[in-house]
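Let me begin by presenting the structure, written as structure tokens, before commenting on it.
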Amino acid sequence: MGNSKKKKENIILHIDMDYFFAQIEERENPQFKGKPVVVGADPKEGKGRGVVSTCNYEARKFGIKSGMPISRAYKLCPQAIFLPVNMQLYKRVSRAVFQIAQKFSSKMERVSLDEAYIDLTGRVGSYKEARREGEDLRKIVFEKERLTCSIGVSKNKMMAKIACELAKPDGIRIITPVQAAKTIASMKVETIPGIGPKTRQFIEKKLKKKDPQIRDALVFSKSELADFFGKRGEEFYYKLRGIDKSPVEEKKEAKSVGKEHTFQKDTRDAKMIIKVFKRLVGDVHSQVKDKKINGLTVVCRYEDFETHTKQISFDAGKYTEEFLYKKSISLLLKFLTQSNKKIRLIGFRVKIA
DNA sequence: AAGTTCTTATTAC
DNA sequence: CTAACGGTAATAAGAACTT
């Protein structure tokens, strides 16, 4: 390759807003600053059923974390400020932030309300320059929105995200290509996107070692990983080595839309269940009424957390709410008939053609 | 036997 | 004293059913 088509060096930036929902609440309510703030379900004196969506660092000092049952968060810190999720507000702020980010490259992939990847390949010529860009972005976001964020820069999406994790909160971290593999070697295998608790447990069994590090998992060959984990296995082989070829691309249209509801108390009250279900169908229908759909799924979680689904397919087309309701209600009723257990959650989802 | 459809498991934010 | 646990979406794998 010693000619004119010298390959441009890939440079990817990952931006992640710090404790996003809670930080916005602090911004809107300065009197919260310095106090523990928890955004999520209503704790209801410790009897609430939801989870923590986001919390600030003061709340984390008490052991509270995202995804934790709100009842547990309440026990850990009953005096915290518990706030409901104000999604409208967070969406508006998210749009403002990423409008700023967009100016740094037209190639941007928003992963969620608070995270995005930006492809700087070709736009900047070096990691030194990329660092300056990142610092710039952080500065502008803070000046315009009074919110802090963290940024990671590296040779691919996965490494940029890991770099960002290391930068948190309110920081920036660059991992150059030569540093990549070595930097992640001592991290837990769950650092790799796609490796969650179940996959980790499987790896633990294979290695006869708990909390395996990435370096430990390097002993597996590509074909071994493929045997263990199928299609994902080959990906893991590369990711464990810091390699990730996935492109930065705009989020595509949703392939399905759904809604779920967890009851305050587990129930078999058909009136109530049907009433809620009807609302779910209506809400989903209003989101997709001008889209062609070709299937639907009904979800039921019983009191013991056992979760089942029933689905039907039909010809792609635009359907009325009544049609969707008629098609789905019979599936829902089967869940009531086929078990005497109380029901914890019901859900309704449609597949977009 | 191949092609859909249905169901569950896992992951991520 | 057991068990704390949302909502939304994607993807993969395998079973079940059709053709």
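The model shown is predicted, which means the values in this text are computed figures rather than measured ones. Chain identifiers are assigned alphabetically (A, B, ...) following the order of the sequence lines, protein sequences preceding nucleic acid strands; residue numbering begins at 1 within each chain.
- Sorted by first then second residue, the side-chain hydrogen bond (donor to acceptor under 3.5 Å, both in side chains) pairs that include residues 177-199 of chain A, not counting sequence neighbours, are A:Thr176-A:Gln179, A:Glu190-A:Arg200, A:Thr199-A:Arg232.
- If you take CZ of A:Phe229 and C1' of B:dT10, they are 12 Å apart, rounded to a whole angstrom.
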Using the 3.5 Å cut-off, write out each protein N or O paired with an N or O of nucleotides 11-13 of chain B and the distance between them.
from	atom 1	to	atom 2	distance (Å)
B:dT11	OP1	A:Gly196	N	3.1
B:dT11	OP1	A:Thr199	N	2.9
B:dT11	OP1	A:Thr199	OG1	2.5
B:dT11	OP2	A:Lys198	N	3.1
B:dA12	OP1	A:Gly194	N	2.7
B:dC13	OP1	A:Lys161	NZ	2.7
B:dC13	O3'	A:Ser112	OG	2.8

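- In this structure, A:Tyr302 places its OH atom 12 Å from P of B:dT7, rounding to the nearest Å.
- A salt bridge links A:Glu109 with A:Lys157: the distance from a Lys NZ or Arg NE/NH1/NH2 to an Asp or Glu carboxylate oxygen falls below 4.0 Å.
- Of the residues in residues 309-320 of chain A, those with a non-hydrogen atom less than 4.0 angstrom from any atom of DNA chain B are A:Thr309, A:Lys310, A:Gln311, A:Ile312, A:Ser313.
- Between the side chains of A:Asp18 and A:Thr148, at least one donor N or O lies within less than 3.5 Å of an accepting N or O.
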Let me see the working for A:Glu25 and A:Tyr19 under side-chain hydrogen bond (donor to acceptor under 3.5 Å, both in side chains), right down to the final yes or no. CA-CA 10 Å; A:Glu25 297 293 350; A:Tyr19 63 105; over 6 Å; no
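- If you take atom C1' in B:dC13 and the same atom in C:dC5, they sit 16 Å apart, rounded to whole Å.
- Residues from residues 61-91 of chain A with heavy atoms under 4.0 angstrom of DNA chain B: there are none.
- Stacking of A:Arg241 on the aromatic ring of A:Tyr237 is recorded, both the 6.0 Å distance cut-off and the 45° axial limit being met.
- Distance A:Glu306 CD to B:dA9 C1': 14 Å, rounded to the nearest Å.
- Protein atom CG of A:Asp227 is 18 Å distant from nucleotide atom P of C:dA12, rounded to whole Å.
- Taking side-chain N and O atoms only, A:His308 has no distance below 4.0 Å to OP1 or OP2 of B:dT7.
- Aromatic rings from A:Phe236 and A:Phe228 are positioned such that their centres are separated by 6.0 Å or more.
- Put simply, the residue from A:Arg173, A:Lys168, A:Arg138 that forms a salt bridge (charged side-chain N to carboxylate O under 4.0 Å, His left out) with A:Asp16 is A:Lys168.
- The closest side-chain donor-acceptor pair between A:His285 and A:Gln287, if any, does not fall under 3.5 angstrom.
- Distance NZ/A:Lys239 to NZ/A:Lys245: 13.0 Å, rounded to 0.5 Å.
- Atom-to-atom distance recorded for A:Ile140:CD1 and A:Ile100:CD1 is 7.5 Å, nearest 0.5 angstrom.
- With rounding to whole Å, A:Glu234 atom CD is found 13 Å from C:dA12 atom P.
- As rounded to whole Å, 8 Å separates atom C1' of B:dT5 from atom NZ of A:Lys351.
- Across all non-hydrogen atoms, the minimal contact from A:Val281 to A:Tyr325 is CG1-N, 4.0 Å.
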Once base and sugar-phosphate atoms are separated, protein heavy atoms under 4.0 Å mark nucleotides 14-19 of chain C, 5' to 3', with B, S and - as ------
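- Other residues, nucleotides and ligands place more than 12 heavy atoms under 6.0 Å from the CD atom of A:Gln79.
- Remark: A:Lys341 qualifies as a cation-pi partner of A:Tyr302 under the 6.0 Å distance and 45° angle criteria applied to the six-membered ring.
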Distances under 3.5 Å only, N/O to N/O: pair up the protein atoms with those of nucleotides 7-11 of chain C.
from	atom 1	to	atom 2	distance (Å)
C:dG7	OP2	A:Thr262	N	3.2
C:dG7	OP2	A:Thr262	OG1	2.3
C:dT8	OP2	A:Glu260	N	2.4
C:dA9	OP2	A:Gly258	N	2.5
C:dA9	OP2	A:Gly258	O	3.1
C:dA9	OP2	A:Arg349	NH1	3.3
C:dA9	OP2	A:Arg349	NH2	3.1
C:dA10	OP1	A:Lys255	N	2.7
C:dA10	OP2	A:Ser256	N	3.2
C:dA10	OP2	A:Ser256	OG	2.9
C:dT11	OP2	A:Lys255	NZ	2.9

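- With rounding to whole Å, A:Lys327 atom NZ is found 13 Å from B:dT5 atom P.
- In this structure, A:Lys161 is not positioned above the aromatic face of A:Tyr117 in the sense of NZ or CZ being under 6.0 Å from the six-membered ring centre and within 45° of the axis.
- A:Lys310 forms a cation-pi arrangement with A:Phe335, by the criterion of a distance under 6.0 Å to the ring centre and an angle within 45° of the ring axis.
- In terms of position on DNA chain C, the residue among A:Gly230 and A:Val52 whose nearest nucleotide sits closer to the 5' end is A:Val52.
- A continuous path of Ile, Leu, Val, Met, Phe, Trp and Tyr side chains, each step under 4.5 Å between heavy atoms, connects A:Val298 with A:Tyr319, placing both in one hydrophobic cluster.
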